[in-house]
Novice: 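Dropping the structure in here first, questions after.
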Amino acid sequence: MQTLEHDDYLALRAGAQVLERDRHGDKVLQLTDGSYLKLFRRKRLLSSTAWYPYAQRFADNAQVLAERNIPCPYVIGLYRIPGARRDAVHYHPLAGRTLRELIRADADIMGTAGMREQLGRFVAGLHEAGIYFRSLHLGNIVLTPEGELGLIDIADLRAGRRPLPPHRRRRNLQHLLRDEADRAWLHAGGDPAFDAAYQRRALERAQQ
Ligand SMILES: Nc1ncnc2c1ncn2[C@@H]1O[C@H](COP(=O)(O)OP(=O)(O)O)[C@@H](O)[C@H]1O
Ligand SMILES: [Mg+2]
């Protein structure tokens, strides 16, 4: 992690577009070169984020996902910014758009059972690969121009060596159903494609 003086931080973010902010301030910036800077507040000294900062977790997780061939952002820098009491991870966004954006834009591809099927296979693949992604929802899954699915917002993820046990799978799948619009799309008109594809893939892997 590289320490950024406040002036260097201001220079880096000059002209940036703020993509996300909350009551504490800016959260995600798009810099003028198209790269992203995601900011994390430094927490109390005694919390786990002090010894394993979120920006570092993001970078480590990007490496794990890349090793397992799961598309995700490409990290180019990690900064500590004492002047702003923030850490930051600097990355190239994963090419594509989030499934949530595509649903809102009423994209044709989201109207098909094929997309639900692809998502079911994808999530089953994560679970088989031992990945428990706490922020699993359609706003954090991107459809790439190559037609593959990938993950963004990856600070909060656990990657084990073994496939997830059933209770963790169920709990993780529930994360996908929290958002009402996500849920409506997943099970549109009683479409079983997502669940069926998830189960089929999980079963195939278990038999191998
Ligand atoms: N392909 C992409 N790669 C990275 N971020 C993207 C991409 N497409 C859209 N975004 C947007 O980037 C912003 C930051 O996303 P994210 O990392 O999920 O942060 P958060 O959910 O904490 O605001 C969101 O507005 C998200 O929709
Ligand atoms: Mg997100």
Side-chain angles (χ1 to χ4, degrees), residues 9 12-13 15-43 47-49 52-66 68-79 81 84-110 115 118-119 122-123 126 131-159 172-186:
Y9 167 59
L12 183 67
R13 62 164 294 170
Q17 192 188 341
V18 178
L19 297 183
E20 299 289 338
R21 61 159 36 112
D22 65 13
R23 63 198 174 93
H24 300 290
D26 297 343
K27 271 176 49 185
V28 185
L29 305 173
Q30 183 166 28
L31 306 186
T32 49
D33 67 354
S35 63
Y36 281 34
L37 193 68
K38 185 158 189 173
L39 300 159
F40 298 95
R41 286 188 302 140
R42 294 290 291 175
K43 298 274 178 59
S47 72
S48 64
T49 64
Y52 192 12
Y54 278 113
Q56 184 70 55
R57 296 183 199 201
F58 189 112
D60 292 348
N61 291 336
Q63 202 174 339
V64 168
L65 292 172
R68 298 181 194 192
N69 292 316
I70 297 160
C72 66
Y74 182 78
V75 174
I76 46 184
L78 270 180
Y79 311 118
I81 313 165
R85 284 212 230 103
R86 295 285 188 280
D87 290 332
V89 56
H90 187 191
Y91 54 89
H92 291 303
L94 177 59
R97 297 174 76 189
T98 68
L99 295 187
R100 213 176 255 176
E101 283 166 0
L102 291 169
I103 291 169
R104 287 208 188 115
D106 218 0
D108 287 342
I109 191 159
M110 301 308 288
M115 198 60 233
Q118 187 179 353
L119 183 64
F122 176 69
V123 176
L126 293 178
I131 291 166
Y132 187 90
F133 180 42
R134 278 184 221 288
S135 316
L136 187 68
H137 61 61
L138 300 186
N140 287 334
I141 301 175
V142 163
L143 179 64
T144 72
E146 293 78 33
E148 276 189 282
L149 294 176
L151 302 178
I152 62 170
D153 206 358
I154 53 176
D156 222 353
L157 171 155
R158 274 179 176 276
N172 199 212
L173 285 170
Q174 277 165 10
H175 293 173
L176 256 188
L177 301 174
R178 271 193 207 141
D179 179 87
E180 203 178 313
D182 286 4
R183 195 168 61 231
W185 177 79
L186 270 171

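Whatever order the structure lists them in is the order used to number ligands and atoms, beginning at 1.
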Novice: Quick one: ring-ring contact (aromatic ring centres under 6.0 Å, His included) partners of F133, sequence neighbours excluded?
Specialist: none
Novice: Tell me, please, which residues at least two apart from F122 pass ring-ring contact (aromatic ring centres under 6.0 Å, His included).
Specialist: none
Novice: Between Y91 and F58, is the ring centroid distance below 6.0 Å?
Specialist: yes
Novice: Say whether, by atom type as modelled, one donor and one acceptor occur between the side chain of R57 and the main chain of D156 under 3.5 angstrom.
Specialist: no
Novice: Among R13, R41, K38, which residue meets the salt bridge (Lys or Arg N to Asp or Glu O under 4.0 Å) test with D26?
Specialist: R13
Novice: Any chance you could measure L29, atom CG, to L37, atom CG, to the nearest 0.5 Å?
Specialist: 5.5 Å
Novice: Hey, are the side chains of Y54 and D87 touching, using non-hydrogen atoms and a 4.5 Å cut-off?
Specialist: no
Novice: Show all protein N/O/S atoms under 2.8 Å from the Mg ion (ligand 2), or state that there are none.
Specialist: N140 OD1, D153 OD2
Novice: Please check: side-chain N/O of Q118 versus main-chain N/O of G147, any donor-acceptor pairing under 3.5 Å?
Specialist: yes
Novice: Testing I152, L138, I103, D153 for side-chain contact (heavy atoms from CB on, under 4.5 Å) with T98, which one passes?
Specialist: I152
Novice: Once you restrict both partners to nitrogen or oxygen, which atoms of ligand 1 have a protein partner under 3.5 Å, and how far apart are they?
Specialist:
residue: ligand 1; atom: 1 (N); partner: L94; partner atom: O; Å: 2.3
residue: ligand 1; atom: 1 (N); partner: G96; partner atom: O; Å: 3.3
residue: ligand 1; atom: 3 (N); partner: L94; partner atom: N; Å: 3.3
residue: ligand 1; atom: 17 (O); partner: K38; partner atom: NZ; Å: 3.1
residue: ligand 1; atom: 18 (O); partner: N140; partner atom: OD1; Å: 2.9
residue: ligand 1; atom: 18 (O); partner: D153; partner atom: OD2; Å: 3.0
residue: ligand 1; atom: 19 (O); partner: K38; partner atom: NZ; Å: 3.0
residue: ligand 1; atom: 21 (O); partner: D153; partner atom: OD2; Å: 3.0
residue: ligand 1; atom: 22 (O); partner: K38; partner atom: NZ; Å: 3.1
residue: ligand 1; atom: 25 (O); partner: E20; partner atom: OE2; Å: 2.5
residue: ligand 1; atom: 27 (O); partner: E101; partner atom: OE2; Å: 3.4

